[in-house]
Protein chains: 2
Amino acid sequence: MLSKATGLGKASLYHYFPQGKQGMAKAVMDYIASNFEEAVLRFLQDASTPEERILLMCQALGDFYAHGHNNCFLAMMSLGEADNLFHDQVKQQLEMWIDTVTQVLIEGGIEPQLARERSQDAIIKIQGTLILVRILNEPAIFTRILNDMPRKLISS
Amino acid sequence: MLSKATGLGKASLYHYFPQGKQGMAKAVMDYIASNFEEAVLRFLQDASTPEERILLMCQALGDFYAHGHNNCFLAMMSLGEADNLFHDQVKQQLEMWIDTVTQVLIEGGIEPQLARERSQDAIIKIQGTLILVRILNEPAIFTRILNDMPRKLISS
DNA sequence: GTCTATACACCGATAGAC
DNA sequence: GTCTATCGGTGTATAGAC
């Protein structure tokens, strides 16, 4: 697939990625992590109110996951052989996401432990919804969950 | 793996499964579906109250997924090449689970549409939690989600 | 039914020419 | 840098003896 997409032969790809398959996979991971930060996490570091930041993140999530049609790359990489090679990196990315949301909720006046649980709950829902939508082919579920998310995160 | 586990040579396995890999995978799917029905869904058809049935199902789910240490086979089969071969069967299984929970909630006096959404929410949480626990290696999250689940499903 | 032997395609990777 | 050719290994499956 990479060969076809780039127009390069296999050997040329191995020239750019001396670490072979693992190097190519890491490049994809880094690329997606960078995208996610730019397209989603960025809103959590805005100057606006915590409520507004949460709302913006949820909207951004809809686009990032193509309203349920994209899979989560982190979830993919936590399976099979990839898990052996990238577990630490995947874990770190996910923890960063949870921590960032937690911090915003704390700034919004929510108790630290509750903030952490709500943050976990939100990401659990994203992940679970992507699975349901993928299997059932009902994008409306993704929309429903994402619409409810800001309120569930910030309500007192 | 199958050869080692059964003590049979490859050719013998192909004798029992003339459909090859696909036949073997289907056997695994059917086996797990049967287990799930016997170990989890069974409680939803009990003679007790809807509340009690939901509670029993949630307890059974904890064991079935080894408190977060097992992956969901349906979720696995919805990825990659397997999805092409088994999408319909996977979808049917998942719909059956959602429908069964929905029916119990309706019997418990919850409006049909809300019942359906709550049922989806519960299964979303199971799926999402399995991903988080697998990546973060924090089984406590699974316990927390499962403990809250009966209340969230049946509360008025 | 089970085995050994084999076919065949693909994957990950490298060698070496240009 | 890019290519063709090739290697070793593995996965899926079959042939044919017993």
Side-chain angles (χ1 to χ4, degrees), chain A residues 1-36 65-66 69-94 127 130-131 134-135 137, chain B residues 1-36 65-66 69-94 127 130-131 134-135 137:
Chain A
M1 291 169 63
L2 295 177
S3 185
K4 191 175 174 183
T6 57
L8 290 174
K10 258 195 296 192
S12 299
L13 290 171
Y14 276 94
H15 171 73
Y16 289 107
F17 297 97
Q19 306 306 318
K21 185 187 177 180
Q22 185 168 358
M24 302 180 207
K26 177 158 172 22
V28 175
M29 279 203 62
D30 291 346
Y31 175 77
I32 294 183
S34 166
N35 266 13
F36 189 70
Y65 288 115
H69 290 292
N70 280 351
N71 288 328
C72 175
F73 191 71
L74 282 185
M76 303 286 184
M77 296 296 279
S78 70
L79 292 168
E81 194 195 352
D83 184 50
N84 301 328
L85 295 176
F86 296 106
H87 185 90
D88 289 349
Q89 198 175 344
V90 167
K91 186 176 176 187
Q92 199 185 331
Q93 290 285 331
L94 187 65
Q127 298 297 333
L130 290 175
I131 291 178
R134 171 169 96 215
I135 295 177
N137 197 24
Chain B
M1 289 171 62
L2 295 176
S3 186
K4 191 175 174 184
T6 58
L8 290 174
K10 265 194 289 193
S12 299
L13 290 172
Y14 276 93
H15 172 74
Y16 288 107
F17 297 97
Q19 306 306 319
K21 183 187 178 181
Q22 185 167 358
M24 302 180 205
K26 178 158 171 25
V28 175
M29 279 204 60
D30 292 345
Y31 174 76
I32 294 184
S34 166
N35 265 14
F36 189 71
Y65 288 114
H69 290 293
N70 281 351
N71 287 329
C72 174
F73 191 70
L74 282 186
M76 302 287 186
M77 296 296 278
S78 69
L79 290 169
E81 195 195 351
D83 183 50
N84 300 327
L85 295 175
F86 296 106
H87 185 92
D88 290 349
Q89 197 173 346
V90 167
K91 185 177 176 185
Q92 199 184 330
Q93 290 287 328
L94 187 63
Q127 298 297 333
L130 290 175
I131 291 178
R134 169 171 96 214
I135 295 178
N137 198 24

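Below, chains carry the letters A, B, ... as their sequence lines are ordered, and counting in each starts from 1. This one's a predicted model, so the numbers in the text were calculated from it and none came from an experiment.
- B:Y65 meets the ring pair (Phe, Tyr, Trp, His ring centres under 6.0 Å) test with no other residue; sequence neighbours excluded.
- Here A:Q19 contributes atom CD and A:L85 contributes atom CG; the two are 11.5 Å apart, rounded to the nearest 0.5 Å.
- Scanning DNA chain D 5' to 3' for nucleotides with an atom closer than 4.0 angstrom to a non-hydrogen atom of chain B gives a first and last hit of D:dT12 to D:dA15.
- The stretch residues 2-17 of chain A participates, sequence neighbours left out, in no salt bridge (charged side-chain N to carboxylate O under 4.0 Å, His left out) pair at all.
- With sequence neighbours left out, B:F86 forms a ring pair (Phe, Tyr, Trp, His ring centres under 6.0 Å) with no residue at all.
- Within the structure, salt bridge (charged side-chain N to carboxylate O under 4.0 Å, His left out) pairs that include any residue of residues 82-94 of chain B do not occur (at least two apart or interchain).
- Listed by chain and residue number, B:H69, B:N70 satisfy the side chain to side chain contact (heavy atoms under 4.5 Å, CB included) test with B:A66 (two or more places apart in sequence, or in another chain).
- Here B:G7 lies in heavy-atom contact (under 4.0 Å) with sugar-phosphate atoms only.
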Protein-to-nucleotide contact annotation, 5' to 3' order, nucleotides 8-15 of chain C [B base; S sugar-phosphate only; - none; under 4.0 Å, heavy atom]: ----BBBB
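- Partners of B:S3 by side chain to side chain contact (heavy atoms under 4.5 Å, CB included), not counting sequence neighbours, listed by chain and number: B:L13.
- Screening residues 17-27 of chain A for salt bridge (charged side-chain N to carboxylate O under 4.0 Å, His left out), with sequence neighbours left out, gives A:K26-A:D30.
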